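Report on the structure given below.
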Amino acid sequence: MKESITGAEALMRSLEHEGVKTIFGYPGGAIMPVYDALYDHKDSLNHILVRHEQGAAHAAQGYARVSGEVGVCLVTSGPGATNTITGVADAMIDSTPIVVIAGQVAAAFLGTDAFQEVDLVGITQPITKWSYQIRRAEDIAWAVSRAFYIARSGRPGPVVLDFAKNAQMEKVEYEPVEVDFIRSYDPDPEIDPKCIAEAVAMINGAKKPFALIGQGVELGNATTELLQFIEKADIPCGCTLLGLSAFPSSHRLNKGMLGMHGNLGPNVKTNECDVLIAIGMRFDDRVTGKLETYAKQAKVIHLDIDPSEIGKNVHVDIPVLGNCKKTLSLLTELMQKNKHTEWIDSFAPYEKTEFDQVIKKELFPTEGPLNMGEVIHAVSEATHHNAVLVTDVGQNQMMSCRYFKFSQKRSVITSGGMGTMGFGLPAAIGATFGRPDRTVCVFMGDGGLQMNLQEFGTIMEQKSPVKIILLNNNYLGNVRQWQAMFFNHRYSFTPMLNPDYMQIAAAYGIPSRRVIERADLEDAIREMLQTDGPFLLEACVIEEGNVLPMTPPGYSVNQMLLEC
């Protein structure tokens with residue numbers, strides 16, 4: 001005879017069956033039976049009590065991005081559920097696999113405007129891969145298995161389970177369920193041999209090929225296959241914001257970051273190449289600039305697992321649908337070994353120009369206040385480019401992704417498509433649980449830090465070893481830069497009156513140090529990295545520094561500004 005258990009206990013066992021080890025959450029009335037069941041599973045399910053439900057969602061994202069596993073967060077109904085919405089939307093656009101489990105009023109009260117009732121399924125359907133309301137205990141095992149299957153398969157993304165309170169309390173004869181097929185859902189599309197053959201012929205015949213590397217390479221666990229492909233074809237490449245660690249920063253064929261604040265060479269050469277090979281990226285507007293002039297001279301090959309992305313923004317000559325781990329291997333096996341020395345060398349003048357006019361001034365100043373870039377560069381050097389980079393959003397994000405370097409995969413955690421301020425701190429907490437063996441450095445601005453500052457409490461309780469580098473310029477820096485460039489220096493509500501962050505850190509038991517002088521920077525970074533557990537390093541940087549180069553809105557990718 002099967003054991004009869006509560007729905008809440010069935011959820012616990014279903015999560016364990018899925019291999020879940022860590023949950024980020026915050027309790028409340030409508031999820032209380034689940035938390036009561038969790039009390040008996042503390043040895044197998046490590047619950048991290050955040051200080052705000054948005055923090056739970058972002059922490060689950062950070063955990064998922066660095067580990068490759070599904071992140072899980074557990075919250076109550078009403079405001080507890082709606083507080084996760086920003087993280088859910090962020091996970092959707094950045095293809096991050098998370099499962100949000102939210103309490104809900106009992107099924108008998110649905111539609112009555114009961115206390116803390118909200119139509120979570122209705123709210124989240126447009127921003128999830130799947131959103132489902134569990135009303136019966138007998139559906140729990142199936143729903144959890146399906147949720148994890150959808151979240152992690154194909155193009156990953158968020159799933160929301162709305163868990164009615166009666167289903168948490170009802171008795172059920174639990175039996176694990178394995179969902180590995182859903183009608184009309186094709187997470188691993190069949191690869192067309194004809195498209196592979198056409199792509200091989202085009203790559204073999206290319207004189208000036210250029211590859212665009214996106215996060216899909218990491219999501220598909222295809223970093224090894226990518227390296228083999230790029231080296232055999234001798235193709236220079238540029239990386240999207242989320243794809244920066246999919247290819248080693250130091251590799252001779254890595255020409256830098258694409259996009260609005262990317263490197264000069266890869267942006268200019270996008271509009272000069274004859275074959276453009278996009279791998280696991282979605283042609284975001286921050287990468288393409290003015291679409292009417294984007295790579296019009298090139299034939300475009302697009303490798304992606306999501307058919308909706310192919311041809312969505314940019315015309316594609318050869319679509320290669322499928323998991324890039326498989327498609328890259330097929331291309332590499334069939335194509336000829338090549339050399340493109342002259343084409344690769346043509347990037348060098350642009351690299352020199354950018355170094356002389358931008359990088360040298362940003363990283364190696366001899367006087368004046370600290371620059372953001374030099375702080376980031378110094379931290380990257382001190383960690384030997386082996387750390388996990390987490391960023392918040394704004395100038396700190398663009399500078400970090402420009403000047404931090406990577407030697408390992410899954411080393412960039414940033415809010416790309418949503419640009420969510422407040423993302424960095426909780427995402428970094430999640431990353432320390434996803435990869436406790438790695439150093440996690442989060443760069444933040446003074447605006448973004450204050451958006452989820454309460455998560456210092458989570459760091460305090462968990463002793464999460466987050467290395468927090470606050471780039472404090474007393475402005476909402478990115479908005480101020482745009483105000484300076486496009487709104488006649490009218491700084492409308494961007495100056496920040498800031499608290500004493502050292503005192504705040506001390507209140508949470510977090511060691512800290514403030515750096516103002518350049519001569520103290522190296523020693524302060526050493527102290528931060530040698531300190532066990534968390535550390536806050538506040539770097540007081542130039543107040544009106546700008547992120548350059550920049551492709552202004554409406555400009556072509558080869559029209560980057562080197563000064564403003």
Side-chain angles (χ1 to χ4, degrees), residues 256-257 260-264 351-383 389 391-405 441-450 467-491 494-502 512-529 535-550 552 560-564:
M257 186 170 79
M260 177 178 280
H261 289 295
N263 294 106
L264 181 62
E351 293 167 355
K352 184 178 188 306
T353 297
E354 184 179 355
F355 181 83
D356 291 343
Q357 296 188 34
V358 177
I359 297 174
K360 184 177 180 180
K361 298 174 186 177
E362 183 66 35
L363 300 192
F364 309 109
T366 56
E367 58 184 10
L370 285 167
N371 289 333
M372 286 190 183
E374 70 175 306
V375 176
I376 294 156
H377 174 72
V379 174
S380 185
E381 290 285 314
T383 58
L389 169 69
T391 84
D392 207 77
V393 168
Q395 287 185 317
N396 64 89
Q397 177 187 36
M398 294 296 102
M399 286 289 195
S400 298
C401 290
R402 279 183 56 82
Y403 296 119
F404 212 82
K405 303 303 176 186
C441 297
V442 56
F443 289 86
M444 314 191 70
D446 40 312
L449 175 56
Q450 292 185 79
K467 308 303 181 184
I468 307 162
I469 302 96
L470 169 60
L471 303 172
N472 190 353
N473 59 8
N474 297 304
Y475 275 102
L476 296 175
N478 209 45
V479 182
R480 183 214 54 77
Q481 178 172 337
W482 281 52
Q483 288 173 336
M485 296 178 69
F486 310 121
F487 293 89
N488 298 316
H489 294 266
R490 289 160 59 88
Y491 293 162
T494 48
M496 296 282 286
L497 177 62
N498 283 315
D500 186 332
Y501 292 105
M502 300 297 98
S512 63
R513 181 169 172 179
R514 179 180 291 123
V515 176
I516 300 173
E517 301 297 331
R518 183 165 290 110
D520 299 327
L521 179 60
E522 183 178 344
D523 183 65
I525 292 172
R526 185 183 304 111
E527 180 183 352
M528 175 183 71
L529 295 176
F535 194 96
L536 171 64
L537 173 61
E538 179 183 4
C540 299
V541 297
I542 184 170
E543 290 198 343
E544 296 190 37
N546 293 317
V547 186
L548 294 166
M550 179 179 182
M560 298 194 83
L561 302 179
L562 298 179
E563 58 184 13
C564 61

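Fair warning: this is a prediction, and the values are worked out from it, not measured in the lab.
- Here the closest heavy-atom approach between residue Phe486 and residue Pro552 is recorded as CZ-CB, 4.0 Å.
- With sequence neighbours excluded, the residues satisfying side-chain contact (heavy atoms from CB on, under 4.5 Å) with Glu527 are Arg513, Thr531, Phe535.
- When atom types are taken as modelled, the side chain of Asn473 and the backbone of Tyr475 share a donor-acceptor pair closer than 3.5 angstrom.
- One distance of note links CE of Met372 with CG of Asn472; it measures 8.5 Å at 0.5 Å rounding.
- For the residue pair Leu470 and Leu536, the shortest heavy atom distance occurs at CB-CD1, 4.1 Å.
- The shortest distance between side-chain heavy atoms of Thr383 and Phe404 falls below 4.5 Å.
- Partners of Arg514 by salt bridge (Lys or Arg N to Asp or Glu O under 4.0 Å), not counting sequence neighbours, listed by chain and number: Asp500, Glu538.
- Atom CD1 of residue Ile469 and atom CG of residue Asp392 lie 12.5 Å apart, to the nearest 0.5 angstrom.
- Under 3.5 Å, the side chains of Gln450 and Tyr501 contain a donor-acceptor pair of N or O atoms.
- Under the rule for a salt bridge (Lys or Arg N to Asp or Glu O under 4.0 Å), the partners of Glu374 that lie at least two apart in sequence or sit in another chain are Arg518.
- Once rounded to the nearest 0.5 Å, the distance linking CD of Glu362 with CZ of Arg402 reads 8.0 Å.
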Show the atom names and distances, to 0.1 Å, of all donor-acceptor pairs under 3.5 Å that link a side chain in residues 539-549 to residues at least two apart or in another chain.
unit_1: Glu543; atom_1: OE2; unit_2: Asn474; atom_2: ND2; d: 3.1
unit_1: Glu544; atom_1: OE1; unit_2: Tyr491; atom_2: OH; d: 3.0
unit_1: Asn546; atom_1: OD1; unit_2: Arg480; atom_2: NH2; d: 2.8

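- In this structure, Asn263 CG and Ile359 CD1 are separated by 6.0 Å, a value rounded to the nearest 0.5 Å.
- Judged by distance alone, with hydrogens and angles left aside, the side-chain atoms of Lys467 form a donor-acceptor pair with the main-chain N or O of Met528 at under 3.5 Å.
- Applying the side chain to side chain donor-acceptor pair (under 3.5 Å) criterion to Ser400, with sequence neighbours excluded, gives no partner residue.
- Lys361 and Asn371 make their closest contact through O-ND2, 3.1 Å (heavy atoms, listed as atom of the first residue, atom of the second, distance).
- Checked against salt bridge (Lys or Arg N to Asp or Glu O under 4.0 Å), Lys360 has no partners two or more places apart in sequence or in another chain.
- Contact record, Asn478 with Gly394: CB-CA, 3.9 Å, taken as the closest heavy-atom pair.
- Contact detail for Gly445 and Asn396: the closest heavy-atom pair is N-ND2, 3.3 Å.
- The SG atom of Cys564 sits 8.0 Å away from atom CE of Met550, with the distance rounded to the nearest 0.5 Å.
- What you find for Met502 and Ser512 is that their closest heavy atoms are SD-OG, 3.3 Å.
- The CE atom of Met399 sits 9.0 Å away from atom CG of Leu471, with the distance rounded to the nearest 0.5 Å.
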